[in-house]
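Positions are given from 1 along the sequence. Every heavy atom of this structure was used, including side-chain atoms; hydrogens, water molecules and symmetry mates were not.
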Amino acid sequence: MEVILKTDVKGKGKKDQLVKVSDGYARNFLFPRGLAVEATKESLSIMKSKNDSVEFQKQEDIKYANELKEKIEQIAVKIPAKAGENGRLFGSVTSKEIGDVLLSQFHIKIDKKKINLPDGIKSLGVTKIPIKLYPGISASLTVEVVEQK
């Protein structure tokens with residue numbers, strides 16, 4: 001019997017996957033627990049439309065991430081910070097500050113967790129920072145830390 005899984009079932013398959021199982025397993029285990037539905041023409045067309053919409057959304061997200069990548073790589077962010085001798089900062093410039101500047105100056109909203117800056121910027125100067133926009137798509141942002149007057 002072919003069934004469409006509603007949730008991940010260990011040893012059988014993932015959610016929204018069409019799998020072949022024995023009749024008894026489907027009737028006595030999967031159906032009573034709401035883990036699967038029988039693969040009828042109607043349920044197959046519903047599964048296909050769900051998969052198509054997920055694929056369409058994925059393509060839209062990739063397109064948006066590529067557009068955002070081009071936009072981010074063309075800008076340079078200036079962040080003023082207090083510094084001491086030899087250009088060392090008092091404290092550091094964090095990913096949250098970079099995200100706030102991107103939002104306020106360029107109207108680009110980036111989650112601070114996507115900005116790859118493990119220790120912060122601790123000195124004056126220009127730094128290239130990778131930003132993860134989508135799995136497999138990263139942008140390189142130029143950040144210039146200038147001395148605050």
Side-chain angles (χ1 to χ4, degrees), residues 1-81 89-146 148:
M1 172 183 283
E2 288 189 330
V3 296
I4 299 172
L5 299 177
K6 290 171 114 181
T7 60
D8 293 353
V9 178
K10 189 174 182 177
K12 293 298 173 190
K14 302 265 185 209
K15 181 180 179 181
D16 292 331
Q17 189 176 20
L18 181 69
V19 294
K20 193 167 192 148
V21 295
S22 68
D23 292 353
Y25 183 69
R27 268 184 277 145
N28 296 324
F29 183 76
L30 295 175
F31 295 157
R33 287 176 175 75
L35 300 175
V37 293
E38 189 173 354
T40 60
K41 283 186 179 183
E42 183 181 331
S43 60
L44 285 172
S45 69
I46 290 171
M47 181 184 79
K48 184 179 179 337
S49 66
K50 273 186 188 179
N51 290 343
D52 289 346
S53 67
V54 167
E55 186 63 31
F56 176 77
Q57 185 61 45
K58 187 177 178 182
Q59 294 302 322
E60 289 294 311
D61 290 345
I62 289 171
K63 182 179 170 186
Y64 175 73
N66 283 323
E67 290 172 2
L68 194 58
K69 176 183 178 181
E70 290 178 19
K71 195 173 181 182
I72 287 174
E73 289 182 344
Q74 292 176 357
I75 61 176
V77 175
K78 282 190 178 184
I79 298 178
L89 298 181
F90 297 124
S92 65
V93 176
T94 63
S95 58
K96 182 182 182 325
E97 292 175 79
I98 294 169
D100 292 344
V101 170
L102 277 172
L103 183 61
S104 65
Q105 290 181 4
F106 301 100
H107 307 292
I108 298 173
K109 186 173 183 177
I110 301 286
D111 186 16
K112 69 178 183 175
K113 296 173 191 157
K114 295 187 181 225
I115 299 172
N116 192 8
L117 192 62
D119 296 328
I121 302 172
K122 299 183 181 190
S123 61
L124 296 175
V126 177
T127 309
K128 291 251 186 214
I129 298 171
I131 298 176
K132 296 177 186 170
L133 301 173
Y134 193 81
I137 301 174
S138 294
S140 181
L141 175 68
T142 304
V143 177
E144 182 180 0
V145 181
V146 294
Q148 191 175 23

Atom of [X], atom of [Y] and distance for their closest heavy-atom approach:
X	Y	result
Phe31	Ala36	CD2-O, 3.4 Å
Leu89	Ala81	CD2-CB, 3.8 Å
Phe29	Arg33	CD1-NH1, 3.1 Å
Ile4	Ser43	CD1-O, 3.5 Å
Met1	Ala26	SD-CB, 3.6 Å
Ala139	Leu133	CB-CD1, 3.8 Å

Atom pair [atom1] ([X]) and [atom2] ([Y]), whose distance is rounded to the nearest 0.5 Å:
X	Y	atom1	atom2	answer
Gln59	Ile62	CD	CD1	5.0 Å
Thr40	Glu2	OG1	CD	11.5 Å
Ile129	Ser140	CD1	OG	8.5 Å
Ile121	Leu117	CD1	CG	5.5 Å
Ile131	Ser138	CD1	OG	9.0 Å
Ile115	Lys132	CD1	NZ	12.0 Å

Side chains of [X] and [Y]: closer than 4.5 Å at any heavy-atom pair?
X	Y	answer
Ile98	Ile110	no
Val54	Gln57	no
Ile75	Ile108	yes
Leu35	Lys6	no
Ser92	Thr94	yes
Phe106	Ile72	no
Asn116	Pro118	yes
Leu141	Leu102	yes

Pairs meeting criterion salt bridge (Lys or Arg N to Asp or Glu O under 4.0 Å) with involvement of residues 46-65, two or more places apart:
Lys48-Asp52
Tell me whether Gln74 contacts the main-chain N or O of Lys71 through its side chain, where contact means a donor paired with an acceptor under 3.5 Å.
no
With a 3.5 Å cut-off and sequence neighbours excluded, list the donor-acceptor pairs that the side chains of residues 14-22 form with protein atoms.
| from | atom 1 | to | atom 2 | distance (Å) |
| --- | --- | --- | --- | --- |
| Gln17 | OE1 | Lys14 | N | 2.7 |
| Ser22 | OG | Tyr25 | N | 3.3 |

